Number of protein chains: 2
Amino acid sequence: MNGVEQTELSQLDTICEKAEQIFEGALQEFLVHGYAGTSMDRVATSAGVSKATIYNHFGDKEGLFIALVKRLAQKKYQIFVESHKAELMQAEPAIALRKLANTILDHSMQDQEYLAFIRLVIGESGRFPELAKTFVHNLGKPGIQVLTEYLTNQRYIMIRDPEATARVIIGTLAHYVLLQEILQGKEIVPMERDRMINTLVDLISPNLTSAS
Amino acid sequence: MNGVEQTELSQLDTICEKAEQIFEGALQEFLVHGYAGTSMDRVATSAGVSKATIYNHFGDKEGLFIALVKRLAQKKYQIFVESHKAELMQAEPAIALRKLANTILDHSMQDQEYLAFIRLVIGESGRFPELAKTFVHNLGKPGIQVLTEYLTNQRYIMIRDPEATARVIIGTLAHYVLLQEILQGKEIVPMERDRMINTLVDLISPNLTSAS
DNA sequence: GTCTATAATCGGATAGAC
DNA sequence: GTCTATCCGATTATAGAC
């Protein structure tokens with residue numbers, strides 16, 4: 001590389017580095033305090049930059065919030081959907097579903113950042129409908145599609161309406177996470193995770209589950 | 001009644017009337033703007049009382065918010081659960097479940113106040129865990145219990161794990177409302193409501209649904 | 001592009017009259 | 001118990017130096 005390119009790159013690095021710092025700070029604050037509960041002062045402090053720098057990069061508070069949520073929705077999309085795609089597609093439903101359900105629950109129930117993200121998106125979905133739609137587009141839709149494809153192509157059992165069935169599965173798991181973890185219902189309405197998964201598998205592929 | 005009682009009653013009425021006004025104003029504001037996004041000034045204006053009156057009744061902003069959410073959770077409990085209890089308990093699952101699902105979806109998907117309430121409780125569940133628990137106790141738990149009882153006592157089909165099965169049903173319906181209405185996914189991931197209900201009924205009681 | 005300092009406003013909460 | 005008027009800290013956003 002020559003000197004000019006290095007200069008340009010380091011400038012670019014500096015820009016991105018600041019933006020990255022701001023994202024990190026904003027992440028902490030918005031996930032914990034929500035949109036209205038977060039102050040730009042604390043974001044600046046948490047990010048280690050001045051407020052003016054944030055306003056230069058993102059225009060205003062709303063711009064920062066939107067950029068952050070969209071970014072998170074993409075990041076979670078990669079982690080969540082992409083990592084599950086390979087898991088399906090081969091085994092019979094009783095095996096594949098059990099594995100899928102376990103992986104989804106493993107990842108989401110322990111990932112406090114993810115749980116806080118869900119709280120944030122749902123909580124702000126009335127005031128930021130576009131963000132909610134981005135979330136559905138990046139996480140809800142691909143999840144349903146991948147599972148629908150599996151249920152459609154798999155050759156072990158006949159499924160009348162694969163997409164609606166995929167929604168039963170995902171809905172059951174999502175509601176389980178919502179009730180137990182997000183709404184803190186673990187002690188009030190306890191339910192072992194394996195009972196949910198067994199029941200789900202039994203319902204979807206009753207022929208294949210023996211006397212378990 | 002004598003004069004004294006009348007005086008006491010009218011005083012009581014005045015107190016309760018003010019409290020009721022405050023609740024109404026707070027309802028509008030908190031449901032639309034969330035906890036941090038709501039100002040006591042606007043609550044006072046919306047309620048038609050002065051701020052000092054609110055502070056006299058509820059101590060501080062948090063006290064008002066907690067009282068309001070608990071009150072709403074009880075009100076929704078009465079409307080929701082009590083009205084559905086009678087609906088089950090008699091018919092065979094294919095009929096009873098279809099009717100239950102339709103009533104739940106009818107009521108929740110058009111009730112903007114209820115949808116906003118869900119957004120609020122989930123959005124604040126990280127900062128107000130006790131309110132989330134109250135919500136689960138008053139709405140989630142009774143819903144699961146009523147359906148579990150029905151699935152347990154009904155004599156038409158054998159259900160291995162009624163409580164887990166109840167959660168599949170409720171989870172599917174709740175997730176449907178969440179994705180389509182609360183997260184505004186109607187256009188992104190459209191799904192006819194009857195397909196969901198048919199699929200659910202098919203899964204729960206396959207023997208009883210004919211060639212529908 | 002980034003900082004410090006500041007403007008302009010709004011927030012929760014209260015004192016004191018009635 | 002309720003109101004009006006007010007305190008004062010916190011908030012979003014920007015101006016101006018570097």
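Order of the sequence lines fixes the chain letters, A, B, ..., with proteins taken first and strands second; residue numbering starts at 1 for each chain. As the structure is a prediction and not an experimental result, all values here were calculated from the model.
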Grab the [atom1]-[atom2] distance between [X] and [N] for me, whole Å please.
{"X": "B:Ile54", "N": "C:dG11", "atom1": "CD1", "atom2": "P", "answer": "13 Å"}
{"X": "B:Leu64", "N": "C:dA13", "atom1": "CG", "atom2": "P", "answer": "11 Å"}
{"X": "B:Lys61", "N": "C:dT14", "atom1": "NZ", "atom2": "P", "answer": "15 Å"}
{"X": "B:Asn56", "N": "C:dG12", "atom1": "CG", "atom2": "C1'", "answer": "15 Å"}
{"X": "B:Glu17", "N": "D:dT2", "atom1": "CD", "atom2": "C1'", "answer": "13 Å"}
{"X": "B:Glu62", "N": "C:dG12", "atom1": "CD", "atom2": "P", "answer": "13 Å"}
{"X": "B:Lys51", "N": "C:dG16", "atom1": "NZ", "atom2": "C1'", "answer": "16 Å"}

[X] has a side chain; which of [options] sits nearest to it?
{"X": "B:Ala52", "options": "C:dT2, C:dA15, D:dA13", "result": "C:dA15"}
{"X": "A:Thr53", "options": "D:dA13, D:dT4, C:dT2", "result": "C:dT2"}
{"X": "A:Tyr55", "options": "D:dA13, D:dA15, D:dC3", "result": "D:dA13"}

Checklist entry - Is any side-chain heavy atom of B:Leu183 less than 4.5 Å from a side-chain heavy atom of A:Val121? => result yes
Checklist entry - Are side-chain heavy atoms of B:Leu120 and B:Phe65 found at a separation under 4.5 Å? => result yes
Next on the checklist: Checking A:Arg98 against A:Asn198: is there a side-chain donor and acceptor pair closer than 3.5 Å?
Outcome noted: yes
Checklist entry - Are side-chain N/O atoms of A:Asn102 and A:Arg193 paired as donor and acceptor at under 3.5 Å? => result yes
Checklist entry - Under 3.5 Å, side chain of A:Arg127 to main-chain N/O of B:Val32, donor-acceptor pair present? => result yes
Next on the checklist: Does the Lys NZ or Arg CZ of B:Lys76 fall within the cation-pi geometry relative to B:Tyr114 - under 6.0 Å from the ring centre and within 45° of the axis?
Outcome noted: no
Item to check | Contact residues, residues 27-46 of chain A to DNA chain C [heavy atom, < 4.0 Å] | outcome: none
